[in-house]
Amino acid sequence: MSGFDAVLVANRGEIAARILRSVRAMGLRALLVAHADDVAAPALALADDVRFLTGPTPVAAFLDGAQIIAAARDMGAGAIHPGYGFLAENADFAAAVAAAGLVFIGPPPQVIRLMGDKVRARNFVAARGFPVAPSAIEDDDPAGFADAARALGPPLLIKPSAGGGGKGMRIVRDLGLLDEELARARSEGLRYFGDGRLFVERYVERPRHIEVQVLGDAHGGVVHLFERECSLQRRFQKVVEEAPSPALDDKARARICDAAVGIAAAAGYQNAGTVEFIMGADGAFYFLEMNTRLQVEHPVTEAITGRDLVADQIRIARGEPLGFAQADVTRSGHAIELRICAEAPGRDFAPTTGPVLHLALPAGARSDMGVAQGGAVTPAYDSLLGKLIVHAATRAEALAAADAALAGLVLLGVETNIAWLRRLLADPDVVAGRLHTGLIGDRADLLAEPEPVARDALLALALLHSAEARRAADAVPALNAAMGGWRT
Amino acid sequence: MTGFVLIDGVAHPAGLAGNATLGYRLADGRAIRLEGDLLWVGDARWPVIVARDGDTLWAHIDGAAHRLEWRDAVGHLAEAAGASGGDAMRAPMPGSVIAVNVAVGDVVAAGDVVLVIESMKLETAIRAPRAGVVATLAYGVGAVFDRDALLATLEGEAG
């Protein structure tokens, strides 16, 4: 690969801003594509040049690879960083970028293709002796698929073959609902990935989600940057991630991290990637999937290892060797990331929208935000507004720092999950590190907003700010007013 | 003046006593006043950050954001009376319609999927709250709606 001195970020929100920061810090030109309805986004202020994408919807614009490549050439970009989501794991896009004479900051197309097909990836990993969960695969026998799934016995987990990010995944405990759930998963698979093929796995009860960050260079070097635990999920989507995992001792950590390096090396992996595992209560772990991109939760790894993963990605994409060995990768302390989402936990995490009237970031935390004061949250994109990342010497201190950061984050105008995250972090199981992917679902009692401690202050504030309430009070004759709230 | 303050959508009876000249008080007699970013309630002092969006006041206080709305007693009662029973299917979130499974006049059972909506890449089935006949369907496939929009209604006896 050749060198380049200008990088186009083909993404939006918090990740576009985060990537642009590293691009600038490396002294490279920072280029951005954006949608016209997103002009208040913080990424725009970090870019040296911006081109606006058009499309039937904003999401469609970010999925228009040809338009993005044309913008990259027009702006003089030498490389494209896809971020996560959108085209980040689209092998055809990666190939088209290379064909246009540009560098795709990610793994080679054939690796994306292998890992992007969940069934092929699973078979690839199993064939090399790494553990996978028992499963039924539609491609192997379309006619007998539902029966094969039934034969695994409940509980089952339906997954789209081309999936990722929890989209289209469904747990089935009652086999009577299997056909209906298969149909819905197929419809979501078609909608989000253009591919309705499915596979079904035995669902591991109360599993932990543990993933390992890997980096591979173009010269055969592969290292891991330790694990992240991402067991706190709602709707199969992560909301709180931490590193290291409280579930692993050094021996278990070495086993799972070595497995990840083995899988990445076998796949000829280059650039940053993540090997995801599920771990049962017995400590046995199974390969889940490999994400061939930067993850949302990469900052917790950056916090404990002191590395800049985007800078590493760019150096690798330039063809430079890693420049360090596994033994050089060390970790310190404990990091926690909190995903700040526009959603209402009390209404089944339904997305919310609204203007960002006021935004103030907390001290003592890294804030990777995708919205700015004066902007707005619309239904056009997913609900992630940004992330807070805290790093402290111990897990207990990191939890305390996380709570303080959440309390100090001021975001007015849109309902968010901030208050719920504070309740979640105070849960005794979360405090003790007894995590599993169903924990949030089990703790429905945390969803409802308790009556605020500051209730009377809130009432006072609302009354003082209501011109109508003040006018009505002022209209009461002075004698009655002096007597207080007297009335018949 | 008694009315209601909605804190995050939950109604709390609240009245403002006193006046601009003498100072305002809560119904229990505690003096309340604002001094810049400080709110005084009796002897307690609360740092606050507020922002207004139309009739809604957003406030960050005691480490949490809240949505505040003032309703006089008449307005609150009218709203409560207008709240729908089991006939209405409202949008739980803003989004768009991706499938309409029924037509006006169709008989549906409780739990039947009437519409499938999508918001922020999340697909949600809107199910009939009871058995009945579909009376209205306000949005077709592709139509965009806000939260709480009336998507469909039922009529007829629960069967």
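Chain naming here is simple, since letters A, B, ... match the order of the sequence lines and numbering starts at 1 in each.
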Requested in this report: List the steps, then state whether side-chain contact (heavy atoms from CB on, under 4.5 Å) holds for B:Trp58 with A:Glu415.
Outcome: CA-CA 10 Å; B:Trp58 290 82; A:Glu415 272 183 86; 4.3 Å; yes
Query raised in the report: Where do A:Leu463 and B:Leu26 land on the side-chain contact (heavy atoms from CB on, under 4.5 Å) test, with the steps shown first?
Result: CA-CA 9 Å; A:Leu463 292 165; B:Leu26 289 175; 3.9 Å; yes
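A salt bridge links B:Asp87 with B:Arg130; the closest basic N to acidic carboxylate O contact falls under 4.0 Å. Ion pairing between A:Arg235 and A:Glu343 fails under the 4.0 Å rule for side-chain N and carboxylate O. Using a cut-off of 4.0 Å between Lys/Arg side-chain N and Asp/Glu carboxylate O, A:Asp403 and A:Arg422 are scored as salt-bridged.
Note: B:Ile32 leads B:Ile32, B:Asp55, B:Val41 in heavy-atom pairs under 4.5 Å with chain A. Note on B:Ala64, B:Gly95, B:Pro94, B:Ala65: by heavy-atom pairs under 4.5 Å with chain A, the leading option is B:Pro94. Taking A:Gly413, A:Ser383, A:Ala360 one by one and counting their heavy-atom pairs under 4.5 Å with chain B, the maximum is reached by A:Gly413. For the options A:Glu449, A:His358, A:Arg471, heavy-atom pairs under 4.5 Å to chain B are most numerous at A:His358. Heavy-atom pairs under 4.5 Å with chain B were tallied for A:Pro379, A:Pro351, A:Ala350; the largest tally goes to A:Pro351. Looking only at heavy-atom pairs under 4.5 Å with chain B, the residue among A:Gly354, A:Ala475, A:Pro452 that has the most is A:Pro452. Note: A:Leu461 leads A:Leu409, A:Leu461, A:Val453, A:Asp348 in heavy-atom pairs under 4.5 Å with chain B. With respect to chain A, the highest number of heavy-atom pairs below 4.5 Å among B:Thr56, B:Val50, B:Asp62 belongs to B:Val50.
Of the atoms belonging to B:Ile61, it is side-chain heavy atoms, and not backbone ones, that fall under 4.5 Å from chain A. For A:Leu458, the parts sitting under 4.5 Å from any heavy atom of chain B are the backbone and the side chain alike. If you measure heavy-atom distances from B:Glu118 to chain A, the contacts under 4.5 Å come from the side chain alone. In this structure, no portion of A:Val356 lies under 4.5 Å from any heavy atom of chain B. For B:Leu68, the part lying under 4.5 angstrom from a heavy atom of chain A is the side chain only. Of the two parts of A:Gln373, neither the backbone nor the side chain holds a non-hydrogen atom closer than 4.5 Å to a non-hydrogen atom of chain B. Residue contact with chain B, scored on non-hydrogen atoms closer than 4.5 Å, involves the backbone of A:Thr378 exclusively. Both the backbone and the side chain of B:Ile49 come within less than 4.5 Å of a heavy atom of chain A. Both the backbone and the side chain of B:Arg52 come within less than 4.5 Å of a heavy atom in chain A. Only the side chain of B:Asp8 comes within contact range of chain A, with at least one heavy atom under 4.5 Å from a heavy atom of that chain. Residue B:Val10: no heavy atom, backbone or side chain, is found under 4.5 Å from chain A. For B:Ala99, no part sits under 4.5 Å from any heavy atom of chain A, backbone or side chain.
To the nearest 0.5 Å, atom CZ of residue A:Arg170 and atom CG of residue A:Leu182 are 10.5 Å apart. To the nearest 0.5 angstrom, B:Leu57 atom CG is 11.5 Å from B:Ile7 atom CD1.
Taking a 6.0 Å sphere around CG of A:Asp174, one finds it holds more than 12 heavy atoms contributed by other residues, nucleotides or ligands.
Paired with B:Val114 under the rule side chain to side chain contact (heavy atoms under 4.5 Å, CB included), one option of B:Asp106, B:Leu137, B:Asn101, B:Leu154 passes, and it is B:Leu137.
Put simply, the side chain of A:Arg339 gets close to the backbone of A:Lys238: a donor and an acceptor are under 3.5 Å apart. Without hydrogens or angle criteria, A:Arg470 side chain to A:Leu464 main chain gives a donor-acceptor distance under 3.5 Å.
Note on ring orientation: taking the six-membered ring where Trp is involved, the planes of A:Phe86 and A:Tyr381 are perpendicular (angle over 60°, cut-offs 30° and 60°).
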